Number of protein chains: 2
Amino acid sequence: MTPKIQSFVMHCGEMGSRWGFNRTIGQMCGLLVISEQPLTANEISDRLNISRGNVSMGIKELQSWRLIQVQHRPGDRKEYYSPAGSIWDMALRVFEERRKREVDPTLSLLRDNMLDAPANSEEAYAQAKMHEIHDLLDALTHFASELPKMGPERLHSLMKLGAGVGKVLDMKDKFLKANK
Amino acid sequence: MTPKIQSFVMHCGEMGSRWGFNRTIGQMCGLLVISEQPLTANEISDRLNISRGNVSMGIKELQSWRLIQVQHRPGDRKEYYSPAGSIWDMALRVFEERRKREVDPTLSLLRDNMLDAPANSEEAYAQAKMHEIHDLLDALTHFASELPKMGPERLHSLMKLGAGVGKVLDMKDKFLKANK
DNA sequence: TTAAAGTTTCAATAATTTCTGAAACTTTAA
DNA sequence: TTAAAGTTTCAGAAATTATTGAAACTTTAA
């Protein structure tokens with residue numbers, strides 16, 4: 001590995017836990033993304049100096065995130081791993097998977113807690129706050145689930161637009177009102 | 001604490017590490033959000049059964065996330081803590097703070113690595129991928145930095161619109177083309 | 001001043017998470 | 001069948017992270 005590749009892979013390791021997995025898995029993911037050729041588990045183990053067992057667990061985890069895919073070569077029993085889809089695809093998957101782990105459980109707890117009437121005024125306040133949080137997370141979840149439907153180009157133009165979306169939205173509202 | 005409040009606070013603790021902090025800090029944050037009255041460090045320590053020192057460290061951390069604020073009462077030397085701003089404000093802050101910790105370091109590493117020419121074809125491929133990642137994170141960062149400027153209502157209508165934004169964007173493009 | 005009320009720090013310990021490597025398992029070619 | 005090539009599992013060890021609590025520090029009223 002050249003120094004630049006090395007530094008990228010090690011960086012992915014350091015960031016791994018912040019991105020929702022751990023060091024090893026971060027390194028593995030980084031390595032696979034910048035490798036043109038698919039790699040076997042043993043190659044990953046060698047290049048990263050990580051035990052074979054650890055690689056095996058990492059592969060399972062990366063598969064559960066839907067970030068890598070297996071390939072086979074004719075006349076070769078080994079399994080070759082490569083990233084599943086484009087960088088955009090992977091980013092959207094990480095987004096979605098993290099939403100599932102970081103938001104969904106809270107959403108369902110809040111729904112449960114909001115069901116019955118408050119027992120006293122302290123609880124009434126608490127429930128009102130839970131309602132606020134619920135609405136926010138709910139809106140966020142809906143939005144996030146729609147993102148993949150938009151396709152990379154539109155996503156890109158949306159992001160470039162930034163706060164400008166606000167103006168476009170206002171424009172739309174005016175337009176609708178005028179045609180009513 | 002009533003069972004419902006209890007369950008919410010404990011849930012925040014369990015989710016704490018997934019949200020970017022740890023159990024104690026998650027609990028503290030949850031407790032403060034659903035408490036109508038500001039709380040002192042000792043009250044937090046009592047209600048959550050957490051050592052006084054731990055609460056002190058948690059307060060510092062929550063302040064570094066800009067999620068809580070201190071208040072004083074006339075004739076009372078104690079410090080009272082309460083959430084800083086609305087739920088939306090807090091969500092935006094968590095978003096921004098996490099971007100700083102999870103994206104910014106990678107962005108700067110990628111910029112560095114992209115500067116000089118590739119040493120060989122393996123590195124050329126790696127650099128192309130890094131470029132892709134950089135562009136994605138860069139777009140994301142710009143977009144995120146614009147969000148707070150939009151205000152809660154517009155944000156809410158944007159989220160409700162979901163993939164529909166795509167159509168609005170197309171509409172805008174057509175409109176601009178027609179008027180060219 | 002000083003002592004009481006309050007806060008912070010940090011070394012030691014507890015709890016949790018990650019990693020290893022050897023043993024068990026699976027698949028396939030001969 | 002069987003043995004070679006490959007993969008997975010998991011108990012224990014290592015590394016990391018969180019928590020406590022006592023001592024040090026700060027502030028203020030008397």
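So that the names make sense, note that chain A is the first sequence line, chain B the second, and so on, each numbered from 1. Everything numeric here is computed off the predicted structure, so don't read it as measured data. Only this structure's heavy atoms are used, side chains among them; waters, hydrogens and symmetry mates stay out.
Consecutive Watson-Crick or G-U pairing (both distances under 3.5 Å) extending over three or more pairs maps onto DNA chain D as C:1-30 with D:1-30.
Shown are B/V9, B/I59, B/L67, B/L39; of these, the side-chain contact (heavy atoms from CB on, under 4.5 Å) with B/L32 is made only by B/L39.
For the atom pair A/T106 OG1 and B/W19 CH2, the distance stands at 4.0 Å (nearest 0.5 Å).
For A/E79 (side chain) and A/A41 (main-chain N/O), no donor-acceptor pair under 3.5 Å exists by modelled atom type. Under a 3.5 Å cut-off, the side chain of A/S121 and the backbone N or O of A/A124 do not form any donor-acceptor pair.
Between the side chains of A/N120 and B/T2, not a single donor N or O lies within less than 3.5 Å of an accepting N or O. A donor-acceptor pair shorter than 3.5 Å cannot be found between the side chains of A/N42 and A/S45. A donor atom on one side chain and an acceptor atom on the other are not found under 3.5 Å apart for B/D138 and B/T141.
Between B/N22 and C/dT16 there is no side-chain N or O to OP1 or OP2 distance below 4.0 Å. A close approach under 4.0 Å does not occur between any side-chain nitrogen or oxygen of A/S51 and OP1 or OP2 of C/dC19.
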In 5'-to-3' order, the base (B), backbone-only (S) or no-contact (-) status of each nucleotide in nucleotides 6-14 of chain D, using a 4.0 angstrom heavy-atom cut-off, is SSBBB----

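Here C/dC19 presents its C1' atom at 14 Å from CD of A/E61, a figure rounded to the nearest Å. The distance between atom CG of A/L48 and atom C1' of C/dT18, rounded to the nearest whole Å, is 15 Å. Distance, A/I50 CD1 to C/dT20 P: 7 Å, rounded to whole Å. Rounded to an integer number of Å, the gap from CG of A/L62 to P of C/dT18 is 13 Å. Distance, B/E14 CD to C/dT17 P: 12 Å, rounded to whole Å.
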If you look only at distance, which donor and acceptor atoms sit under 3.5 Å apart when one is on a side chain in residues 20-27 of chain A and the other is two or more places apart or in another chain?
{"unit_1": "A/N22", "atom_1": "OD1", "unit_2": "A/T24", "atom_2": "N", "d": "3.2"}
{"unit_1": "A/N22", "atom_1": "OD1", "unit_2": "A/I25", "atom_2": "N", "d": "3.1"}
{"unit_1": "A/T24", "atom_1": "OG1", "unit_2": "A/N54", "atom_2": "ND2", "d": "3.4"}

